[in-house]
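Heavy-atom basis, side chains included; hydrogens, waters and symmetry copies ignored. Letters A, B, ... mirror the listed sequences (proteins, then strands); counts begin at 1. Since this is a predicted model, take the numbers as computed values, not measurements.
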There are 2 protein chains.
Amino acid sequence: MPRKIEPSALSDQALELIATRFRVLGEASRLKLIRALESEERNVSQLVEDTGLTQANVSRHLQTLTEAGILGRRKEGLNVIYFIADHGIFDLCKHVCGSLQERFAANAKAFGG
Amino acid sequence: MPRKIEPSALSDQALELIATRFRVLGEASRLKLIRALESEERNVSQLVEDTGLTQANVSRHLQTLTEAGILGRRKEGLNVIYFIADHGIFDLCKHVCGSLQERFAANAKAFGG
DNA sequence: TGACAATATGAGTATATGCGCATATACAGA
DNA sequence: TCTGTATATGCGCATATACTCATATTGTCA
């Protein structure tokens with residue numbers, strides 16, 4: 001039989017939600033958009049320029065990020081302004097960054113670099 | 001022209017690596033395996049029991065997680081023991097958890113719950 | 001060496017999803 | 001209302017990947 005799960009452990013349903021959040025971030029194009037929004041809010045056209053992605057593509061990724069609660073949006077006349085809604089995102093990225101740096105440093109060391 | 005990127009911003013290549021890391025975590029089955037390994041190392045058969053996934057499936061996910069540097073493995077006779085190699089993973093999950101909790105709480109509040 | 005147990009992997013299938021193209025929708029100004 | 005601009009979206013294609021089944025591989029013990 002399956003081992004008893006720790007009282008502190010997350011339910012399967014919670015894991016599903018967490019996985020979904022990670023999956024949203026698991027796409028370089030979307031991270032690019034987040035990066036472009038780090039210092040200031042931007043409209044779609046600006047984000048198209050910033051990222052080099054097509055307009056349709058940017059629009060879809062923005063939708064994904066907004067549905068996930070990571071971005072917020074506001075209409076201003078013809079334009080739609082996107083902004084970071086969940087600033088914790090940057091901590092997350094930094095965390096992953098640190099983890100990857102450690103790993104690469106260890107690899108480099110293993111090869112006497 | 002694209003807006004100038006902050007000096008502190010991550011390169012496209014770095015974003016790609018970060019996205020890959022997130023993508024690895026963007027699968028509930030893999031999070032389940034990580035959860036099962038939280039308190040102690042386990043062999044494959046045990047993980048099959050813990051998660052209810054098929055043996056082939058577990059084996060593949062373990063490979064993915066190990067290649068990402070999240071798990072480590074060690075052979076003991078016929079068995080292969082897997083364990084958490086990057087304990088920062090739990091911080092990451094907790095972080096996402098907190099972020100989701102905030103969001104759900106806000107939603108609940110918006111609906112007068 | 002033969003039988004068995006634990007794990008990994010090749011092949012095939014189903015599903016998800018990123019992308020581009022074209023077009024629809026929403027809004028502003030003349 | 002007509003035109004042009006900004007954004008969103010339907011559709012189809014190509015690809016990635018999770019899953020299952022069957023089998024290979026690796027190691028143990030008699």
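The interatomic distance linking A:Leu33 (CG) with C:dC19 (P) rounds to 10 Å, in whole Å. D:dT17 atom C1' lies 16 Å from atom CG of B:Leu25, rounded to whole Å. Regarding A:Arg42, its CZ atom lies at a distance of 15 Å from the C1' atom of D:dA6, rounded to whole Å. Atom CG of B:Leu62 is separated from atom P of D:dC19 by 12 Å (rounded to the nearest Å). Atom pair B:Arg74:CZ and C:dT7:P shows a separation of 13 Å (rounding to whole Å applied). Here D:dT17 presents its P atom at 11 Å from CD of B:Glu67, a figure rounded to the nearest Å. In this entry the distance linking CG of B:Asn79 with C1' of C:dA5 reads 9 Å, nearest Å. Summarising the geometry, the separation between CD on A:Glu76 and P on C:dA28 is reported as 11 Å, rounded to the nearest angstrom.
Side-chain contact between B:Asn79 and B:Val44: absent, with no pair of heavy atoms (C-beta onward) separated by less than 4.5 Å.
Along DNA chain C, the nucleotide closest to B:Arg60 and the one closest to B:Ser45 are compared, and the more 5′ of them pairs with B:Ser45. Closest-nucleotide positions on DNA chain D for A:Leu78 and A:Asn57 were compared, and the one nearer the 5' end corresponds to A:Leu78. Nearer to the 5' terminus of DNA chain C, by closest-nucleotide assignment, is the contact made by A:Arg23 (compared with the other of A:Arg23 and A:Gly77).
The phosphate of C:dT17 (OP1 or OP2) has no side-chain N or O of A:His61 nearer than 4.0 angstrom. Residue A:Lys75 places no side-chain N or O under 4.0 Å from the OP1 or OP2 atom of C:dA26. Proximity of B:Tyr82 to the phosphate of C:dA8: a side-chain N or O atom is located under 4.0 Å from OP1 or OP2. Taking 4.0 angstrom as the limit, A:Arg73 places a side-chain polar atom (N or O) nearer than this to OP1 or OP2 of D:dA8. For B:Thr64 and D:dA18, the shortest distance from a side-chain N or O to OP1 or OP2 is not below 4.0 Å. The side chain of A:Asn43 contributes no N or O atom lying less than 4.0 Å from OP1 or OP2 of D:dA6. Using a 4.0 Å cut-off, no side-chain N or O of A:Gln55 falls inside it from OP1 or OP2 of D:dA6.
Look at A:Asp86 and B:Arg103 and you find no salt bridge, because none of the NZ, NE, NH1 or NH2 atoms lies under 4.0 Å from a carboxylate O.
Across all their heavy atoms, A:Leu71 and A:Leu62 have their closest contact at CD1-CD2, 3.6 Å.
Within 6.0 Å of atom CD in B:Glu102, 12 or fewer heavy atoms from other residues, nucleotides or ligands are found, so the atom counts as exposed in its surroundings. Other residues, nucleotides and ligands place no more than 12 heavy atoms under 6.0 Å from the CD atom of B:Gln13.
Residue A:Ser29 places its side chain closer to C:dC19 than to any other of D:dA18, C:dC19, C:dT7.
Looking at heavy-atom distances under 4.0 Å, A:Thr54 makes contact with sugar-phosphate atoms alone, never a base.
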